[in-house]
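For reference, the structure is listed below as structure tokens.
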2 protein chains.
Amino acid sequence: MRRMPTVKDVAEQAGVSVGTVSRVLAGEAAVKPALREKVTDAIAALGYRPNVTARALRTSKTDVIGLIVPDITNPFFAQMAASIESAAMQRKHTVMLASSHNDPEAERHHISAFLDRSVCGIIVAASSQGPHLPGDLPIPIISLDRRFADFPLVSTNHAQAASLMADHLYGLGHRRIAYIAGPPDTEVGRLRQQGFVDRLRRLGETGEAVDLTIYPGKFDYESGEMIAREVLSLAPDKRPTAIAAASDQQAIGALRAASDLKIDVPRELSIAGFDDISLAKLVVPRLTTVCQPVEKLAMRAVALLFGGSFTAKDEMIDGSLIARGSTAPRCD
Amino acid sequence: MRRMPTVKDVAEQAGVSVGTVSRVLAGEAAVKPALREKVTDAIAALGYRPNVTARALRTSKTDVIGLIVPDITNPFFAQMAASIESAAMQRKHTVMLASSHNDPEAERHHISAFLDRSVCGIIVAASSQGPHLPGDLPIPIISLDRRFADFPLVSTNHAQAASLMADHLYGLGHRRIAYIAGPPDTEVGRLRQQGFVDRLRRLGETGEAVDLTIYPGKFDYESGEMIAREVLSLAPDKRPTAIAAASDQQAIGALRAASDLKIDVPRELSIAGFDDISLAKLVVPRLTTVCQPVEKLAMRAVALLFGGSFTAKDEMIDGSLIARGSTAPRCD
DNA sequence: CTGAAAGCGCTTACAG
DNA sequence: CTGAAAGCGCTTACAG
């Protein structure tokens, strides 16, 4: 195992000082072309690669962005992680990805680990309200999708997006609707529910009233399936004609429940999700859902990080409705 | 933004030398209890945290494991990543996750990035054959699920697992079978196909022969859907009574195609996957598949890394068949 | 424009 | 058992 070449080796080979080597590495203009060339030649000859650890120690800066998601096995966050990585790559940065398994403890741990490694910034899709971090952090932190502590948030305009679904279902004639909500202790859960409920109420004030029942759950498949099973066990004339869910995973779980109970979707029951994960267009029937602008969210989050501003403002990006086969006009 | 306390600060506060501080940090037995206590007190009082970068520079070692997967949006690898992280955590190690987007170039880039950061080991689920890495690497590399270069591989016994599916389908009476294979340029694709084909041939030799057609594709949803659409466009008496796929994603795509073509699964057509991703039990009908022992694979890969042995042998772990609703006896 | 030197925060022989 | 000192590989004032 050969020792890796260092700036010193390069300097010797090129017949200059290490300072000069460092300067051409940094791309400083102020190096005479003749020397610069000698250095670059030496670098090539030796196969020199800068030691990022030494550089980090010296400058206490790196080119890595820390990313924390609540659960990497959640397709939405997997997609998000991929998009963040692309956005970072475009700026020649690397991302370190950590999954908190929805555990605030793990989340805290990962934040510390990132801080310890002097990442240049952290993006976190929170699984908790976030602890009270010291106000004088050395690096910027951005909340993504789910707010972490009181750091600036880049997210879909959940309320707006959810209201789109309310419009859609109401427009199809549904008046008895069940809403499978996200965890009430998450901002995104509350926002989506609120956007959905408010719009439906507004609609009900000027038109036919809506019979809406809310069932809080978690964002995963299991939760959606369980809740739907309960909801759909009501007598046919009591049960909702449409179920809206706070996530695609819940909606897919609901699809599963409907199938088990031999309830035809969308003929007897409309089901809608939220997120537009890649699976949404593959389930049978294809899922009507709200599309979160994942790429845009990722771009903006990374941009905010580079803005360096510790006083960035929240950014909300509108979602859009994707009508597919799982919703249809009410038919009774 | 306050300066972080260093060993020097701790040493002063405790009235000892930095060497001593470093020794209690390392948990060395050879420090007098009295001093040790002073140091730990000082650490607590100052809220001292070791600078991992400095430590890494000095020792050229860290407690981070680099993990590279071909595609984090593939649920199987997302699950794998989560399992690796747990396994690493149990050993007080951190994992840096990178996704190569099935791009050998990106894969190479990530390997270098990890090497540059002196991770203590790399686990890679390859998206390419792997480049010719210098033989004298400073750290161990383990291939997971898909072999990378010629590094030791921890994987499911793909051939054995695939043969289970052959048994299952043959046992149900299917004699006209389509196999949606993985990319022929991947070892795992070849292995699964081979295990499946060989077993079916063996079965055909002693019993009724099987009419088997192979369709190579990628491992994703789209590929499965496209191929199935083609296969199922054959006349009913020519088309297969069962489709086996090399991945759950392909199988779910096939399910989608069957549904579009109004072919009832499993009454008219059996469909089976491979991986047992969490989604497999949620689609309609629930997917019969082969379960890869993800947790075990993750544990073994991490264990091998810690074995430190650069001469680790390949390890194969048996898969198991999970029969669910998407397969049924042939009925004609 | 370039070199000599200090220093980032640790760990670890080397003495004692 | 403990301290003083060297050194990991860089970057960056400071002179010149």
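Side chains are part of it too, since the values below use all heavy atoms of this structure and drop only hydrogens, waters and symmetry mates. Order of the sequence lines sets the chain letters (A, B, ...), proteins ahead of strands, with each chain counted from 1. Note that the structure is a prediction, hence the values are computed from the model and not measured.
A straight line from CE of B/Met4 to C1' of C/dG9 spans 12 Å, rounded to a whole angstrom. Between the CG atom of B/Asp116 and the C1' atom of D/dG9 there is a distance of 13 Å, rounded to whole Å.
Salt bridge A/Glu105/A/Arg108: present, at least one basic N to carboxylate O contact under 4.0 Å. With respect to the salt-bridge test (charged N to carboxylate O, under 4.0 angstrom), the residues A/Asp185 and A/Arg190 do not qualify.
The B/Ser17 side chain lies nearest to D/dA4 when the options are C/dG3, D/dA4, C/dG9.
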With a 3.5 Å cut-off and sequence neighbours excluded, list the donor-acceptor pairs that the side chains of residues 38-45 of chain B form with protein atoms.
unit_1  : atom_1 : unit_2  : atom_2 : d
B/Thr40 : OG1    : B/Arg36 : O      : 3.1
B/Thr40 : OG1    : B/Glu37 : O      : 2.8

task = Dump the intermediate steps for side-chain contact (heavy atoms from CB on, under 4.5 Å) on B/Thr62 and B/His93, then the final yes or no.
result = CA-CA 9 Å; B/Thr62 61; B/His93 279 238; over 6 Å; no
key: Dot-bracket notation for DNA chain D, counting Watson-Crick and G-U pairs under 3.5 Å, with | for partners on another strand   = |||.||||||||.|||
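Under the side-chain contact (heavy atoms from CB on, under 4.5 Å) criterion, A/Thr94 pairs with A/Val64, B/Met96, B/Arg117, not counting sequence neighbours.
Pairs passing the side chain to side chain donor-acceptor pair (under 3.5 Å) check and including a residue from residues 46-56 of chain A, sequence neighbours excluded, read A/Arg49-B/Asp116.
With values rounded to the nearest 0.5 angstrom, A/Ile123 atom CD1 is found 4.0 Å from A/Ile84 atom CD1.
Looking at B/Ser99, B/Ser112, B/Ser127 one by one, the single match for side chain to side chain donor-acceptor pair (under 3.5 Å) with B/Glu107 turns out to be B/Ser127.
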Just the atom pairs and distances: protein N or O near nucleotides 10-14 of chain C's N or O, under 3.5 Å.
unit_1 : atom_1 : unit_2  : atom_2 : d
C/dC10 : OP1    : B/Tyr48 : OH     : 2.7
C/dC10 : OP1    : B/Asn51 : N      : 3.2
C/dC10 : OP2    : B/Val7  : N      : 2.8
C/dC10 : O5'    : B/Tyr48 : OH     : 3.3
C/dT11 : OP1    : B/Arg55 : NE     : 2.6
C/dT11 : OP1    : B/Arg55 : NH2    : 3.2
C/dT11 : OP2    : B/Ser22 : OG     : 2.6
C/dT11 : O2     : B/Arg58 : NH1    : 2.1
C/dA13 : N6     : B/Arg23 : NH2    : 2.9

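The side-chain heavy atoms of B/Val154 and B/Leu144, taken from C-beta on, include a pair separated by under 4.5 Å.
Other residues, nucleotides and ligands contribute at most 12 non-hydrogen atoms within 6.0 Å of the CE atom of B/Met299.
Scanning residues 9-16 of chain B for heavy-atom distances under 4.0 Å to DNA chain C yields an empty list.
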